[in-house]
Amino acid sequence: MNKQNITIGVIGSGSIGSLFGGYLASISSDEYDINMFFFGREAHINAINKNGLLIKTKTDNIRIKKIIGYKNPKDFLRNNKNKHLGGVL
């Protein structure tokens, strides 16, 4: 069975956007392959691209590495110009 690709972007990936985007990126499914990208401030995006996103809870630490961060939309469009983006744009 082929998985359906779902691409989700978070514009403004501060604390709340990163939390919800991180949880979405961590979903494991037999039906869907979730691709996450974040737009955010340079320091935060550089850290995500280098180390992944770390979500700390009282009982666990979750590191999510399958998120791609962009500092501005032009970089995203340049890197994805040959991909079908559906309703993203």
Side-chain angles (χ1 to χ4, degrees):
M1 178 169 110
N2 290 334
K3 287 187 173 186
Q4 180 180 352
N5 285 322
I6 296 176
T7 301
I8 302 171
V10 176
I11 299 172
S13 58
S15 58
I16 301 300
S18 293
L19 178 68
F20 284 102
Y23 280 132
L24 284 170
S26 69
I27 293 172
S28 178
S29 169
D30 292 333
E31 295 182 43
Y32 303 105
D33 187 21
I34 298 174
N35 304 301
M36 290 295 302
F37 63 90
F38 284 3
F39 292 111
R41 294 186 177 153
E42 185 172 4
H44 187 55
I45 293 302
N46 288 342
I48 288 171
N49 288 336
K50 182 179 178 185
N51 304 312
L53 178 70
L54 178 63
I55 298 175
K56 293 183 178 184
T57 69
K58 289 182 180 181
T59 59
D60 203 7
N61 289 338
I62 305 165
R63 185 167 305 273
I64 302 133
K65 295 209 173 214
K66 60 179 196 171
I67 298 171
I68 300 172
Y70 296 97
K71 291 167 235 170
N72 72 58
K74 289 180 183 178
D75 293 337
F76 170 79
L77 293 172
R78 191 175 313 113
N79 290 343
N80 292 283
K81 66 182 177 182
N82 295 323
K83 295 179 182 176
H84 174 70
L85 298 175
V88 171
L89 302 176

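Hydrogens, waters and symmetry mates are skipped; everything else that's a heavy atom, side chains included, is used.
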> Measure the CG-CZ distance between N46 and R41 for me, rounded to the nearest 0.5 Å.
14.0 Å

> Same cluster or not: are I8 and I45 linked, directly or through other Ile, Leu, Val, Met, Phe, Trp or Tyr residues, by side-chain heavy atoms under 4.5 angstrom apart?
yes

> Of the non-hydrogen atoms in K3 and D30, which two are nearest, and what is the gap between them?
CG-O, 3.5 Å

> Mind listing the closest non-hydrogen atom pair of I64 and S26 along with its distance?
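In terms of heavy atoms, the two residues are closest at CG1-CB, 4.1 Å.
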
> CD1 of I62 to OG1 of T59: how many Å apart, nearest 0.5 Å?
8.0 Å

> Side chain to side chain donor-acceptor pair (under 3.5 Å) with S18: which residues, sequence neighbours excluded?
H44

> Quick one: OG on S13 to CG on L19, what's the gap to the nearest 0.5 Å?
12.0 Å

> Report yes or no: do I48 and F39 belong to one cluster of Ile/Leu/Val/Met/Phe/Trp/Tyr joined by side chain heavy-atom distances under 4.5 Å?
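No: no chain of side-chain contacts under 4.5 Å links I48 to F39.
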
> Near I68 CD1, under 6.0 Å, is it more than 12 heavy atoms from other residues, nucleotides or ligands?
no

> Quick check on the hydrophobic clustering: are I11 and I16 connected, directly or via other members, by side-chain heavy-atom contacts under 4.5 Å?
no

> Would you check if L53 and F38 make a side-chain contact, meaning some heavy-atom pair closer than 4.5 Å?
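L53 reaches F38 side chain to side chain.
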
> Whether the side chain of K66 engages the backbone of M36 through a donor-acceptor N/O pair (distance < 3.5 Å, no angle test) should be reported.
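It does not hold such a pair.
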
> Does R63 have more than 12 heavy atoms from other residues, nucleotides or ligands lying within 6.0 Å of its CZ?
yes

> Could you list all the ring pair (Phe, Tyr, Trp, His ring centres under 6.0 Å) pairs where at least one residue sits in residues 4-29, not counting sequence neighbours?
none

> What is the distance from atom CD of E31 to atom CD1 of I6, rounded to the nearest 0.5 Å?
9.5 Å

> State the CG-CD1 distance between N35 and I67, to the nearest 0.5 angstrom.
11.5 Å

> Do L24 and L54 share a hydrophobic cluster, counting only Ile, Leu, Val, Met, Phe, Trp and Tyr and linking them when any side-chain heavy atoms are less than 4.5 Å apart?
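No, L24 and L54 fall in different hydrophobic clusters.
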
> Could you tell me how the ring of F37 sits relative to the ring of Y70: parallel (under 30°), tilted (30 to 60°) or perpendicular (over 60°)?
perpendicular

> On a heavy-atom basis, which atom in G21 and which in V10 lie closest, and how many Å separate them?
CA-CG2, 4.1 Å

